[in-house]
Amino acid sequence: MNFIEEVKWRGMLHNIMPGTEEILKEKNVAAYVGIDPTADSLHIGHLVGVMLLKHFQIAGHQPIALVGGATGMIGDPSGKSAERNLLTIETIRHNQEKIKTQLAKFLDFSEDKENKALMVNNYDWMSKFSFLDFIRDVGKHISVNYMIAKDSVKKRMNSSDDKDAEGLSFTEFSYQLVQGYDFLHLYKEHNCKLQMGGSDQWGNITTGTELIRRMLQGKAYALTSPLITKADGGKFGKTEKGNIWLDPEKTSPYEFYQFWINTSDADAEKYLKIFTVLNKEEIENLVNEHNEAPHTRILQKTLAEKLTTMVHGKDAYDTSVSASQILFGKGTKENLQSLDEKTFNDIFSGVPHFNINKNSLEEGINIFDLLAEQTQVFKSKGEIRRLIKDKGLSLNMEKFTNPDEPVKSEHLINDKYLVIRQGKKKYSIIITE
RNA sequence: GGGGGGAUUCCGGAGCGGUCAAACGGGGCAGACUGUAAAUCUGUUGGCAUAGCCUUCGGAGGUUCGAAUCCUCCUCCCCCCA
């Protein structure tokens, strides 16, 4: 199956420039996706672009990940209503390194591979460009009329249409030109004929193809993916805690696994197509299986398995599964007590920890002081009071219903831990020392 | 430069001298139902204390027994005219 057909059935194709499919009939074509190094980790929102590259490489072509060191210093106005904060070069370099390690989990960078993945940083060529040279050699070829016709710019210019819009600085206005030049540079240096990205990048990409046409009389192509949505209209990839990161320090493997497990039925098939490399038949079988027995949540489990294994490895996946079984299965106090320390720590490694002095429990401590003062499990005592009233608080897997009941040393699991649960899903543990 | 409108609790948005911790909707949280899904229903959603108290309605002052509500000044936003 060729690349275009592949992304098409996966629902990853939004817009494509005529001729793209033909050019991809050639062997080993290069294409790139830009990644902003705004943090030192990718988050799952980046994964669509990464998967585009992965499928591209699987199809026998060469994927290039462009880290936007230069563009990251500017800030893409697309889809944003306010000016962006700027990054320093040190930060960008640091971020680039971390991101490359993560990309290596998806793309094959090995030297001996004919279509090995590449990673480049546009800071490396843009930083050598003087302002004068840039506006003379590049700016000359694109008219302002062309640039302001782009949606991303237009939206920010008509601030009256959108009361949140802030206008845009010259810096942001220049963004598309700088990105366009990236494409031109890769076209020249790596014979890169295609740029891919989210549908919000269409305008920026076409500035690049236009620049290539005018400056080099070359022909370059564009392909975009739809922005990922959730069936309930919420933002994909966010939880109340923010982004889901690939970095285990930022999002623990357990939380990562839980994110995918919690995918709604309405989204699961779509996500399987986008985020895994399972083929059409495999996914169809899973969907059938799911329809037979929805409660087994085979789609969510497969999603979580594939993604967690890919990003964090088999061991982390296994731990996440067993942790989830204890935490969401018919976990009881006895289960908790039967765990050895090592297993206990593994299971709760992804759960917020709070420390407390062991002596505080000798006399018994009331639940409010314990959870809102000695520790910050909850923000206020009122919140705890409400939770208890609503039957939403558990201590060591047992409902905590009496606000006057003191917490004592006897409650400790393994003479050391308290497991606090809010509602069904949110756990915290308190460690005495 | 002239004229007008506005800033309210997470968001939107009522309130226009006491009965306002502040309607209503959204969101959040919890419960029921389930499948750690969706939908639905119920409760809850400033803080502290078990009917009370304390801090909130852009900022600073003032009037009043009493203000989110009235007055003055300030800051910021929007609209119309030049």
Side-chain angles (χ1 to χ4, degrees), chain A residues 81-82 158-167 229-242 244 251-272 286-287 289-305 307-308 317 319-332 335 347-348 350-352 366-374 376-395 397-406 419-428:
Chain A
S81 57
N158 305 335
S159 57
S160 57
D161 294 351
D162 176 358
K163 61 181 165 146
D164 294 328
E166 285 183 8
T229 53
K230 288 208 301 184
D232 66 8
K235 274 214 174 73
F236 170 76
K238 299 259 190 187
T239 63
E240 66 281 3
K241 285 204 213 117
I244 303 291
T251 299
S252 70
Y254 167 75
E255 288 172 285
F256 187 86
Y257 172 85
Q258 280 292 321
F259 173 81
W260 297 106
I261 275 289
N262 275 300
T263 305
S264 70
D265 286 10
D267 292 320
E269 179 184 353
K270 184 169 67 188
Y271 293 173
L272 271 175
L286 287 169
V287 170
E289 204 175 321
H290 176 266
N291 291 337
E292 298 277 311
H295 58 279
T296 60
R297 289 176 300 133
I298 184 77
L299 296 181
Q300 286 88 339
K301 282 180 183 161
T302 311
L303 243 190
E305 181 202 331
L307 272 294
T308 311
Y317 164 72
T319 308
S320 303
V321 172
S322 43
S324 299
Q325 274 162 358
I326 301 267
L327 266 32
F328 291 101
K330 48 253 149 237
T332 62
N335 285 149
I347 287 174
F348 288 99
V351 158
N366 87 51
I367 192 84
F368 303 103
D369 290 339
L370 176 67
L371 300 181
E373 277 175 21
Q374 302 276 327
Q376 276 64 243
V377 179
F378 296 103
K379 287 195 298 290
S380 75
K381 297 182 180 178
E383 192 177 351
I384 300 169
R385 206 179 304 278
R386 259 175 258 129
L387 257 185
I388 294 176
K389 185 164 77 72
D390 293 343
K391 300 185 179 59
L393 184 72
S394 299
L395 173 66
M397 312 306 252
E398 289 170 342
K399 284 259 186 271
F400 195 91
T401 49
N402 178 5
D404 299 323
E405 186 188 342
V419 177
I420 309 297
R421 183 170 69 153
Q422 177 190 359
K424 287 197 177 69
K425 301 185 184 178
K426 231 180 282 176
Y427 283 87
S428 305

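Sequence lines set the chain letters: A, B, ... in the order given, protein chains first and strands last, and positions in each chain run from 1. Note that this is a predicted model, so its numbers are computed, not measured.
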Margin query: At under 4.0 Å between heavy atoms, how does the protein contact nucleotides 36-50 of chain B? Give one character per nucleotide, 5' to 3', with B, S or -.
Written below: BB-----BSS-SSS-

Next item on the list: With sequence neighbours excluded, tell me which residues meet side-chain hydrogen bond (donor to acceptor under 3.5 Å, both in side chains) with A:Q422.
Entry: none

Next item on the list: Look through every strand shown and name the nucleotide pairing with B:G43 as Watson-Crick or G-U wobble, where both distances are under 3.5 Å.
Entry: B:C29

Check: How far, in whole Å, is B:G46 from B:U9 if one measures between their P atoms?
Finding: 13 Å

Notebook entry, point to check: Should A:Q300 and A:D265 count as side-chain neighbours, where that means a heavy-atom distance under 4.5 Å?
Noted result: yes

Note to self: Counting C-beta onward and ignoring hydrogens, is there a side-chain heavy-atom pair between A:E305 and A:V321 closer than 4.5 Å?
What the structure shows: no

Notebook entry, point to check: Only one of A:V419, A:I420, A:I347 forms a side chain to side chain contact (heavy atoms under 4.5 Å, CB included) with A:Y427, so which one is it?
Noted result: A:V419

Notebook entry, point to check: Where does B:A7 fall, syn or anti, if syn means a chi angle no more than 90° from 0?
Noted result: anti

Notebook entry, point to check: Which residue, A:T296 or A:K391, contacts RNA chain B at a nucleotide closer to its 5' end, judged by nearest heavy atom?
Noted result: A:K391

Check: Taking the P atom of each, how far is B:A82 from B:A14, in whole Å?
Finding: 30 Å

Item checked: B:A67: pairing nucleotide in any strand, Watson-Crick or G-U under 3.5 angstrom -> none

Checklist line | Residues which pass ring pair (Phe, Tyr, Trp, His ring centres under 6.0 Å) with A:F348, listed by chain and number, not counting sequence neighbours | finding: A:F344

Notebook entry, point to check: If you measure from the P atom in B:C70 to the same atom in B:G2, how many Å do you get, rounded?
Noted result: 25 Å

Next item on the list: Provide the distance between the two C1' atoms, one in B:G35 and one in B:C48, to the nearest whole Å.
Entry: 41 Å

Next item on the list: Determine which nucleotide pairs with B:U56, using a 3.5 Å limit on both distances of a Watson-Crick or G-U wobble pair.
Entry: none

Checklist line | Paired nucleotide for B:A51 [Watson-Crick or G-U wobble; both distances under 3.5 Å] | finding: none

Next item on the list: In whole angstrom, give me the gap between the C1' atoms of B:U69 and B:A22.
Entry: 11 Å

Next item on the list: Provide the Watson-Crick or G-U wobble partner of B:U75, both distances under 3.5 Å; none if there is no partner.
Entry: B:A7

Note to self: If the condition is side-chain hydrogen bond (donor to acceptor under 3.5 Å, both in side chains), which residues does A:S264 pass it with, not counting sequence neighbours?
What the structure shows: A:D267

Next item on the list: Under the side-chain hydrogen bond (donor to acceptor under 3.5 Å, both in side chains) rule, collect the residues that match up with A:S324, sequence neighbours excluded.
Entry: A:Q258

Checklist line | Between B:G13 and B:G27 - C1' atom distance, rounded Å | finding: 14 Å

Notebook entry, point to check: In whole Å, what separates the P atom of B:C81 from that of B:G66?
Noted result: 45 Å

Check: Expressed as a whole number of Å, how far does the P atom of B:C74 sit from that of B:C24?
Finding: 38 Å

Next item on the list: Could you name each residue pair satisfying salt bridge (charged side-chain N to carboxylate O under 4.0 Å, His left out) that touches residues 381-394 of chain A, not counting sequence neighbours?
Entry: A:D369-A:K381, A:E373-A:K381

Margin query: From the set B:G31, B:G35, B:A30, return the single nucleotide nearest to any side-chain atom of A:L387.
Written below: B:A30

Note to self: What is the separation between atom NZ on A:K426 and atom C1' on B:G31, rounded to the nearest whole Å?
What the structure shows: 15 Å

Next item on the list: Find the partner of B:A23: check Watson-Crick (N1-N3 plus N6-O4 or O6-N4) and G-U wobble (N1-O2, O6-N3) distances, both under 3.5 Å, and reply none if neither fits.
Entry: none

